[in-house]
Amino acid sequence: MFKKVSKVKLNNGFEMPMIGLGTYARKAEPGQYRQAVEWGIELGYRHIDTASCYKNEQEVGEAIEMKIKDGLVKREDLFVTNKIWNDHHAESEVIPALKNSLKEMKLDYLDLFLIHWPVSIDAKGEDTAIDYIETWKGMEKAVNLGLVKSIGVSNFNEEQLKRILKHANIKPVVNQFEINPTITQHKLVDLCKEMSIIPVAYTPLGLISEARPEFIGKDVIKTDPKLGAIAEKYGKSRAQIALRYLTQRGIPVHPKSFTKSRIEENLNIFDFELNKEEMNIMESFNLNHRCVPGRAFEKYTYYPF
Ligand SMILES: NC(=O)c1ccc[n+]([C@@H]2O[C@H](COP(=O)([O-])OP(=O)(O)OC[C@H]3O[C@@H](n4cnc5c(N)ncnc54)[C@H](OP(=O)(O)O)[C@@H]3O)[C@@H](O)[C@H]2O)c1
């Protein structure tokens, strides 16, 4: 049996599970998202992370509906995160986009709604340069209408976080960005914590992507013998050690998998603890390498990296 997944308290009093099932995939077979989310809920995940741009809201929603129908969970047991895409950043577009996501997922509310990226782009790929402060006003409306319980941001840098805090009536509860042993992000993590904003780790397994060929061969999470030795000591996998390293820093994680055994494995990280020396070894893998550099957004106003 798994040790119970711990939760983190958000700055508005709501609680969020420390692990959520990621659902982004570059390619998927029909039904694959639905199957992964069904397995996830059956295995004990209570937090699901999706986004309108993942084009899987319908399948994710169907899986949730199915597991509620089965009597396995109630809606209030689940924490569902979704994100607004870059082409709906005008204040007036936020609520319609959110309502569309809720309709796709057959849900009455979201637990957490994020601005996916600070950049704003129209359907033709033109830079609309809409200030994310304007988008935030629409996000605040979503809370006031009771359509979402909490709002937050994703891929925001230090300056953007400070700026949003200056203008916000409702504070963001999280900033979701890439954190893993090859991009440890201490500066941004510390700033989030100072601001009572929870830093949430996407791409927590840090598997080096082909987007950065210069880093291939430095795939320490897959290959480093020191990491391997830590994994062996605890009878865990390398992936579990990477996830444990993050949660032990107080950072919630969103690993994605379509493989049932891995979905299960990734949840099973709450029954052991890395010691200080092992945490230091994990820290030594930092390369400040981004698996998700958001290259496609480089030319736009408010590009964060
Ligand atoms: N806000 C944002 O801009 C943003 C950006 C990126 C990601 N995200 C969110 O974060 C989630 C996770 O990020 P990600 O999908 O990029 O990366 P990830 O979760 O770090 O890695 C996923 C990859 O690792 C494999 N994997 C999963 N568990 C494993 C294990 N135990 N051992 C070995 N391999 C394993 C998966 O393969 P299989 O599926 O084949 O098992 C998949 O190829 C996304 O799904 C999404 O929800 C958000």
Side-chain angles (χ1 to χ4, degrees), residues 17 19-29 32-33 35-37 39-40 43 45 47-57 59-60 79-86 112-119 121 132 152-157 160 172 174-183 185 188 198-212 219-223 227-228 231 235-247 251-269 289-297 302-305:
I19 185 160
L21 184 67
T23 64
Y24 171 73
R26 217 171 276 176
K27 269 198 206 145
E29 300 296 326
Q32 221 170 359
Y33 296 110
Q35 178 65 84
V37 174
W39 281 332
L43 290 164
Y45 285 78
H47 183 177
I48 314 293
D49 179 76
T50 184
S52 55
C53 85
Y54 299 169
K55 307 275 177 236
N56 65 14
E57 289 167 305
E59 285 198 21
V60 172
F79 191 101
V80 180
T81 298
N82 201 330
K83 314 181 190 88
I84 191 159
W85 190 237
N86 308 336
L112 180 58
F113 193 40
L114 307 180
I115 301 183
H116 204 148
W117 287 84
V119 297
I121 306 166
Y132 50 83
V153 296
S154 175
N155 296 302
F156 273 44
N157 66 25
Q160 291 165 337
V174 308
N175 183 21
Q176 185 188 115
F177 53 104
E178 181 173 350
I179 322 173
N180 59 57
T182 51
I183 179 158
Q185 300 266 28
L188 190 52
I198 304 290
V200 176
Y202 76 60
T203 315
L205 301 173
L207 303 169
I208 304 284
S209 68
E210 283 158 25
R212 299 288 299 271
D219 201 347
V220 291
I221 300 170
K222 268 193 196 156
T223 59
L227 208 166
K236 296 284 177 185
S237 69
R238 290 167 170 278
Q240 286 171 314
I241 302 299
L243 296 174
R244 178 70 210 181
Y245 156 75
L246 292 168
T247 54
I251 300 171
V253 291
H254 286 326
K256 169 263 171 186
S257 179
F258 280 163
T259 315
K260 190 175 185 185
S261 59
R262 288 170 167 177
I263 294 174
E264 182 167 18
E265 181 185 316
N266 294 342
L267 194 61
N268 192 4
I269 55 165
H289 166 270
R290 285 183 198 281
C291 293
V292 186
R295 283 258 167 79
F297 306 143
Y302 304 121
Y303 174 71
F305 308 143

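One-based numbering, in listed order, for ligands and for the atoms of each. Bear in mind the structure is a predicted one, so any value in this text is a computation, not a measurement.
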Quiz item: Does any donor atom in the side chain of Asn82 or Glu57 lie under 3.5 Å from an acceptor atom in the other side chain?
Solution: yes

Exercise. With sequence neighbours excluded, tell me which residues meet side-chain hydrogen bond (donor to acceptor under 3.5 Å, both in side chains) with His47.
Key: Thr81

Quiz item: Who's touching ligand 1 if we go heavy atoms under 4.0 Å?
Solution: Gly22, Thr23, Tyr24, Asp49, Tyr54, Lys83, His116, Trp117, Ser154, Asn155, Gln176, Tyr202, Thr203, Pro204, Leu205, Gly206, Leu207, Ala239, His254, Pro255, Lys256, Ser257, Phe258, Thr259, Arg262, Glu265, Asn266

Quiz item: Will you find, in the side chains of Ser154 and Asn175, an N or O donor that is under 3.5 Å from an N or O acceptor?
Solution: no

Practice problem: Begin from the C-alpha positions of Asn157 and Phe305 and carry the test side-chain contact (heavy atoms from CB on, under 4.5 Å) through to its verdict. | Solution: CA-CA 7 Å; Asn157 66 25; Phe305 308 143; 5.7 Å; no

Quiz item: Below 6.0 angstrom between ring centroids: does that apply to Tyr54 and Tyr24?
Solution: yes

Self-check item: Side-chain donor or acceptor of Gln160 paired with backbone N/O of Tyr302 under 3.5 Å
Solution: yes

